[in-house]
Amino acid sequence: MTTLTELLIDALLGGRIGGAWGYRPGAEPSVEVTVLAGLAAAGARSADGREIAADAAEWVSKRQNRDGSVGVSSRLAHPDWNTSLACWLWTALGSHAREANRASAHLIKCKGTTVQQSEPKVFGHDPAILGWPWTEGTHSWVEPTAYAVIALRGLGLSNAERTRSGVRLLLDRALARGGWNYGNPMVYGKPFRPQPDLTGIALLALSGALDRNTPVIQHAIDYLLSALPCVRSPRSLGWGLIGLSAWGADVDQASRWIEESLERNPCTGADLALLTLASEGGLVDLLRLSTSCCEGSS
Amino acid sequence: MSDAALPATDRGPGRFGEPGSSLRRRSFLTGVAGVSAAAVAAKLAFDAQESFLRADVFTARASSYDIDLASIVRNGLLELGLGPERFRGKSVLLKPNLVEPSIEAPWINTHPSLVAATVEVFRGFGARDVFIAEGPGHCRDFGLTLDVSGIAEAARTLKVETVDLNHDDVITAVNRTRMTRLPELHLPATLRRADWIVSMPKLKTHHWVGVTAAMKNLFGMLPGVCYGWPKNVLHHMGINESIIDVNAAIKPHLAIVDAVVGMEGDGPLMGEAKPLGAIVIGTSLAAVDATAMRLMGVDPAKVAYMAWASGKLGPIAEAHIRQRGEPIRALASPFALMKQWRQIAGAPSARSAGGAAHPFAEPARIA
């Protein structure tokens with residue numbers, strides 16, 4: 001571990017409540033932050049880190065609903081976009097196989113709404129491609145779809161049709177000028193703007209699924225390399241660096257940028273976990289993406 | 001879209017989109033005309049519905065963001081009878097519109113100078129606590145949105161707290177107006193801390209609902225951990241309907257509209273900057289929005305959610321709003337409207353709440 005990573009882990013542990021973490025100090029523990037913190041602890045590759053990660057994974061397992069989905073927190077059993085994230089942690093630790101199977105079965109069933117778009121087209125993406133929504137009964141978006149693709153790939157379901165469809169969706173939602181946003185590349189003929197965090201998440205989901213020289217990947221990497229020097233917000237910097245690392249495009253200045261982010265921002269919760277993961281590297285291996293390839297996405 | 005893609009029935013608390021046995025299942029994409037005609041039929045009596053309502057709205061001339069905006073806001077509040085005695089010792093939540101970060105188009109978001117000026121005014125009035133809270137709809141990174149919009153710099157300078165409503169603890173409110181099928185709304189727990197909830201929107205055209213101002217701005221109060229990014233549940237339930245339900249649930253106290261430079265054309269994200277030189281203030285958000293729309297050259301009665309807000313949330317008829325400060329005609333400047341929204345322009349005549357519904361929306365329920 002680097003000194004920076006040790007500092008980050010120490011800071012992360014300070015925010016733990018009953019084995020879990022919330023979005024802010026004193027906030028109700030949430031599944032997302034607990035998963036990210038658990039992954040960060042696991043990535044530290046120490047005995048303490050593994051124990052902390054195991055506690056986090058157990059806490060998350062107690063949040064699983066009867067249908068296999070996982071909600072937002074103890075109080076919020078729905079929506080269930082955290083189901084994918086729960087799978088991430090269980091995959092990384094090789095634990096909770098029964099819970100992971102139930103979660104993946106739920107993910108396979110969970111579908112974003114689709115529609116055949118007639119002329120004149122409003123959206124610049126194909127709303128008929130099946131992905132994952134934020135909430136049941138709504139359209140598919142980049143972040144929940146990327147989360148689900150990562151989860152299913154890590155569980156050995158890279159070639160399941162839903163996973164391949166998710167990859168197709170991510171490719172379809174890429175912005176022409178590079179990168180991704182929440183999932184609207186264009187509306188009424190006007191291209192929308194990319195965002196660093198969504199670009200990083202999409203790149204992580206697609207790591208190993210495409211050739212590195214694929215234009216959509218190259219454009220996304222180029223976008224992050226141009227955007228991140230000016231970004232010190234923890235979430236965007238963290239995910240951006242993770243996305244670049246997933247494609248071997250590590251940045252020499254990453255540690256310095258992370259330190260600057262910590263200096264400028266009171267980091268807690270998810271932000272701190274993301275910076276820790278970015279600092280540690282190796283999330284692709286932790287999520288078992290490096291050994292899971294999708295056989296094409298068409 | 002087949003019925004199978006719609007939510008199943010009876011999913012218990014906390015699930016969205018329970019259809020209810022009394023509702024017909026409908027196709028995913030709907031035409032606008034049928035909805036518009038029904039909306040017209042239902043709302044022809046809107047004058048009668050709000051005939052007992054009156055509201056004061058203050059409109060100020062504000063030529064740029066570099067002038068003394070604090071004096072303008074202070075004078076406007078005093079003109080409306082909102083002096084220090086109303087805010088002394090109170091907690092004030094300022095909710096700007098920071099939908100997504102953009103360096104190239106800063107007119108997307110409420111200008112930090114107006115937010116800073118408003119902080120100064122309420123602190124000067126003796127407010128115990130003034131803080132900025134927002135849940136950007138298109139960007140989960142609250143920090144990035146604050147940085148790029150300039151709000152972060154203003155907050156640091158003034159030492160004012162910023163609160164990310166998207167990731168707040170959640171409370172639940174029963175949806176009493178039920179313009180949508182949502183049985184309840186999840187709201188940020190931070191709302192309980194505020195004595196005054198102040199909507200501070202940017203005045204913009206909007207490609208799904210025609211115009212976005214103080215009432216639509218409140219979408220940004222719903223936690224993204226419950227509704228997603230974007231808050232797509234609200235689109236599926238009908239944006240116009242959702243605006244009514246959200247405003248009725250949150251019950252905001254005050255609006256201060258940034259119309260110094262608005263957005264015209266393909267709003268709320270890709271339109272062009274439209275200098276208007278105005279700030280609009282009032283305690284009835286429906287009345288404030290109606291005034292703001294008249295400044296844009298839009299007839300509020302032709303905007304669906306405004307027609308539905310009439311009487312329910314406040315007055316929108318010009319005759320029912322006491323205009324203080326500058327008269328509308330002194331500052332009005334028509335905003336360029338997208339082709340599908342041109343029928344909302346102009347003086348009140350035929351009341352057709354039309355335009356382009358969000359492609360994912362279910363057909364509007366008629367109030």
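Below, each value reflects all heavy atoms present in this structure, side chains not excepted, and no hydrogens, waters or symmetry copies. Below, chain A is the first sequence line, B the second, and so on; all start at residue 1. All values derive from a computational prediction rather than experimental measurement.
- Atoms CZ and OG, on Phe192(A) and Ser102(B) in that order, are 11.5 Å from each other to the nearest 0.5 Å.
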Under the side-chain contact (heavy atoms from CB on, under 4.5 Å) criterion, do Cys226(B) and Leu76(A) qualify, and how do the steps go?
-> CA-CA 8 Å; Cys226(B) 297; Leu76(A) 287 172; 3.8 Å; yes
side-chain contact (heavy atoms from CB on, under 4.5 Å) evaluation trace for Met270(B) with Arg193(A) = CA-CA 10 Å; Met270(B) 307 308 291; Arg193(A) 303 174 184 95; 3.7 Å; yes
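- Counting only heavy atoms from C-beta outward, the side chains of Arg24(A) and Asp168(B) approach each other to under 4.5 Å.
- Remark: the backbone N or O of Ser236(A) is not paired with any side-chain donor or acceptor of Arg140(B) at under 3.5 angstrom.
- Contact annotation for Leu234(B): neither backbone nor side-chain heavy atoms come within less than 4.5 Å of a heavy atom of chain A.
- At least one side-chain heavy atom of Tyr188(A) sits less than 4.5 Å from a side-chain heavy atom of Gln340(B).
- Contact record, Ile171(B) with Arg75(A): N-NH2, 4.2 Å, taken as the closest heavy-atom pair.
- Neither the backbone nor the side chain of Arg232(A) has a heavy atom closer than 4.5 Å to any heavy atom of chain B.
- Of the inter-residue distances, the one linking Asp169(B) atom CG with Tyr23(A) atom OH reads 11.0 Å to the nearest 0.5 angstrom.
- Close approach to chain B, defined as a heavy atom under 4.5 Å from one of its heavy atoms, is seen in Arg177(A), Tyr182(A) of residues 176-186 of chain A, taken by number.
- Neither side chain, Asp147(B) nor Ser233(A), offers a donor N or O lying under 3.5 Å from an acceptor on the other.
- Judged purely by atom type and a 3.5 angstrom limit, Glu143(A) has no side-chain atom pairing as donor or acceptor with the backbone of Gly228(B).
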Please assess Trp134(A) against Asn232(B) for the test side-chain hydrogen bond (donor to acceptor under 3.5 Å, both in side chains), listing each intermediate value before the final yes or no.
-> CA-CA 8 Å; Trp134(A) 284 106; Asn232(B) 203 213; over 6 Å; no
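- No side-chain heavy atom of His235(B) sits less than 4.5 Å from a side-chain heavy atom of Thr138(A).
- Within the 4.5 Å cutoff, the side chain of Val233(B) has no heavy atoms near those of the Glu136(A) side chain.
- The contact between Gln195(A) and chain B is made entirely by side chain atoms (from C-beta outward), counting heavy-atom distances below 4.5 Å.
- Residue Trp81(A) touches chain B through its side chain alone, counting heavy-atom pairs closer than 4.5 Å.
- Interatomic distance, CG of Asp141(B) versus CG of Leu237(A), reported as 9.5 Å (0.5 Å rounding).
- Both the backbone and the side chain of Val187(A) come within contact range of chain B, each with at least one heavy atom under 4.5 Å from a heavy atom of that chain.
- When each of Asp266(B), Val225(B), Leu269(B) is checked for heavy-atom pairs under 4.5 Å with chain A, Val225(B) comes out on top.
- Annotation: side chain of Leu144(B) is in contact with side chain of Pro196(A) (closest heavy-atom distance under 4.5 Å).
- For Asp197(A), the part lying near chain B is the side chain, with the backbone staying farther off; criterion is any non-hydrogen pair under 4.5 Å.
- Both the backbone and the side chain of Ala27(A) come within contact range of chain B, judged by heavy atoms closer than 4.5 Å.
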